[in-house]
S.K.: 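Have a look at this one before I ask anything.
Source: prediction; values computed, not measured. In what follows, every heavy atom counts, from backbone to side chain, and hydrogens, waters and symmetry copies are set aside.
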Number of protein chains: 2
Amino acid sequence: MSADERRALVVRAATTAFAEGGYEGTSTEDVARRAGISQPYIFRLFGSKKELFVEVVRACFRRTAAAFERAAEGLEGPEALEAMGVAYSELVKDPELLLVEMHAFTASVHDDSVREVARDGMRLIWGVARRASGAGTGDLQAWLAMGMLINVVAALGLEELDEGWARDIAWMPGPCILEGPGTTDEQRAAPHPGRS
Amino acid sequence: MSADERRALVVRAATTAFAEGGYEGTSTEDVARRAGISQPYIFRLFGSKKELFVEVVRACFRRTAAAFERAAEGLEGPEALEAMGVAYSELVKDPELLLVEMHAFTASVHDDSVREVARDGMRLIWGVARRASGAGTGDLQAWLAMGMLINVVAALGLEELDEGWARDIAWMPGPCILEGPGTTDEQRAAPHPGRS
DNA sequence: AAGTTTAGTTAGTGCTCACTCACTTGTCCA
DNA sequence: TGGACAAGTGAGTGAGCACTAACTAAACTT
């Protein structure tokens, strides 16, 4: 297998690992085991653990942005935003990407290179959403904010929690976006009318 | 000093430490140094590193909720929500609390006891916001979502980034909530009209 | 056939970390 | 005066970790 193929494979395995444990909570040994290679080879391929992590984070943001772009293809305005919302709900089903992104946010606090790639990622997503939807800053902000809430819902596993407050928080971003046919976008773009 | 006083002091010091490094990225040695005690004494006081972390997270959510309650005192409805928004902006100035909460979210993924305390925290905040504001679920959700976005903005340091997209993302949650006199609440509660 | 490059491994090394044990010091009370 | 108890420490330990050095084996080149 070529080094590049191998690298891609390792990035995939590392994504799963880092999603669970975060940067500090994941050992290169663990990543290597998942990727089916020896642990030192990781350092051949990526130089250091941090560079691997940065690569993983970059890939996650790119995949997220690509999913948005694919979803919004051929659409415009509110329809595009809605389609991207649906795409996000697809991502939540397998929350690897979102979790890695969250880990990147927290790791940004004490690491410059991670912060840089996390900023790049947000810039990318913001740009894609803006370009694809043509929506105003306020709309985009609310849309992005709801995405961040969905991340938290995913991390805490609130969808599978059978309590009122959890349902209230998770209902709209979770199942509603997921399964709701048309109401979704109005709700999240203008949650104002509320359903108490 | 009594053990209880000492415990409170250590929790404060640990909050700062964990805010920077997260759970895995912070050593008990570091916490001890900040608290001005020997490292083994931490285990006397808290039993394990994880129990200390859980205590720190619990305290952070309580302090956040208390700030909200204080801010909304005597107010009702939208005014209460707005006041709590302002209170949140005060917290962002010293982002310790928010960062610890974010670290708790990510740590929740692979640790049950952390997930439990993080869920407790969200339940607490949700309940306080709901009770104090009497707002509908949709409003509360949008409000909470904006809070999560503010967390990310704080983690990435977007306010101090002099780029268009960063300003677009951070403007409203940051300075606007902070300094805006009256427009704030309409904007975040109904960001629909947008300001493009 | 000989040399070079590429993919990959085995066997470490030094360091950090959570946690333990045995000890000391001071205080309160009989 | 002496003893129980609470606060607090110094010195360690074993495990896990990121990272390295030195090597093997196959494929490609000339």
S.K.: Check the distance between D/dC17's P and A/I42's CD1 and give it to me in whole angstrom.
M.R.: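 In whole Å, D/dC17 P lies 12 Å from A/I42 CD1.
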
S.K.: Expressed as a whole number of angstroms, how long is the span from B/K50:NZ to C/dC17:C1'?
M.R.: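 My rounded result for the distance is 15 Å.
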
S.K.: One thing to verify: whether B/E20 and B/R34 come together as a salt bridge, which I'm taking to mean a side-chain N less than 4.0 angstrom from a carboxylate O.
M.R.: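 Counted as a salt bridge, because a side-chain N and a carboxylate O are separated by less than 4.0 Å.
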
S.K.: Please state how far atom CZ in B/F43 lies from atom P in D/dA7, giving the value in whole angstrom units.
M.R.: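 Interatomic distance, CZ of B/F43 to P of D/dA7: 18 Å.
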
S.K.: Whole-Å distance between C/dT20 C1' and B/K49 NZ?
M.R.: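 That distance rounds to 17 Å.
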
S.K.: Can you find a donor-acceptor N/O pair under 3.5 angstrom joining the side chain of A/E29 to the base of D/dC17?
M.R.: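 Counting by modelled atom types and ignoring angles, no donor-acceptor contact under 3.5 Å is found here.
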
S.K.: With respect to the phosphate group of D/dA18, does any side-chain polar atom (N or O) of A/T28 fall under 4.0 Å of OP1 or OP2?
M.R.: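 So the side-chain polar atoms of A/T28 do come within 4.0 Å of the phosphate oxygens OP1 or OP2 of D/dA18, strictly under.
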
S.K.: Do any side-chain nitrogens or oxygens of A/Y41 fall under 4.0 Å of OP1 or OP2 in C/dG8?
M.R.: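 Looking at the OP1 and OP2 atoms of C/dG8, one of them is under 4.0 Å from a side-chain N or O of A/Y41.
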
S.K.: Does a salt bridge link A/R70 with A/E73, judged by any charged N lying under 4.0 Å from a carboxylate O?
M.R.: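 Salt bridge flag = no for A/E73 with A/R70.
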
S.K.: Could you check how far CE of A/M1 sits from P of D/dA27, rounded to whole Å?
M.R.: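 Going from CE in A/M1 over to P in D/dA27 covers 15 Å.
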
S.K.: D/dG8, C/dT10, C/dC19: which one has an atom nearest the side-chain heavy atoms of A/P40?
M.R.: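 Closest of the options to the side chain of A/P40: C/dT10.
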
S.K.: Output the distance between atom CG (B/D168) and atom CG (A/L140), rounded to the nearest 0.5 Å.
M.R.: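 Answer rounded to 0.5 Å: 8.5 Å.
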
S.K.: Distance check needed: C/dC19 P versus B/L52 CG, whole Å only.
M.R.: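 Nearest whole value for this atom pair: 10 Å.
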
S.K.: When all nucleic acid strands are considered with a 4.0 Å heavy-atom cut-off, which category describes A/S27: base, sugar-phosphate, or nothing?
M.R.: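 The residue A/S27 makes sugar-phosphate contact but no base contact.
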
S.K.: Applying the side chain to side chain contact (heavy atoms under 4.5 Å, CB included) test to A/F46, which of A/V56, A/T28, A/V54, A/L52 qualifies?
M.R.: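 In the set A/V56, A/T28, A/V54, A/L52, the residue that makes a side chain to side chain contact (heavy atoms under 4.5 Å, CB included) with A/F46 is A/L52.
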
S.K.: What do you reckon, is CD of A/E76 surrounded by more than 12 foreign heavy atoms closer than 6.0 Å?
M.R.: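 Count not over threshold, so no.
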
S.K.: Do the side chain of B/R6 and the base of D/dG8 come within less than 3.5 angstrom through a donor-acceptor pair of N or O atoms?
M.R.: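 Per atom types, no contact qualifies.
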
S.K.: Whole-Å distance between C/dG8 C1' and A/R44 CZ?
M.R.: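 Going from A/R44 (CZ) to C/dG8 (C1'), I get 8 Å.
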
S.K.: What integer distance in Å separates A/Q39:CD from C/dT10:C1'?
M.R.: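 It is 12 Å, rounded to the nearest whole Å.
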
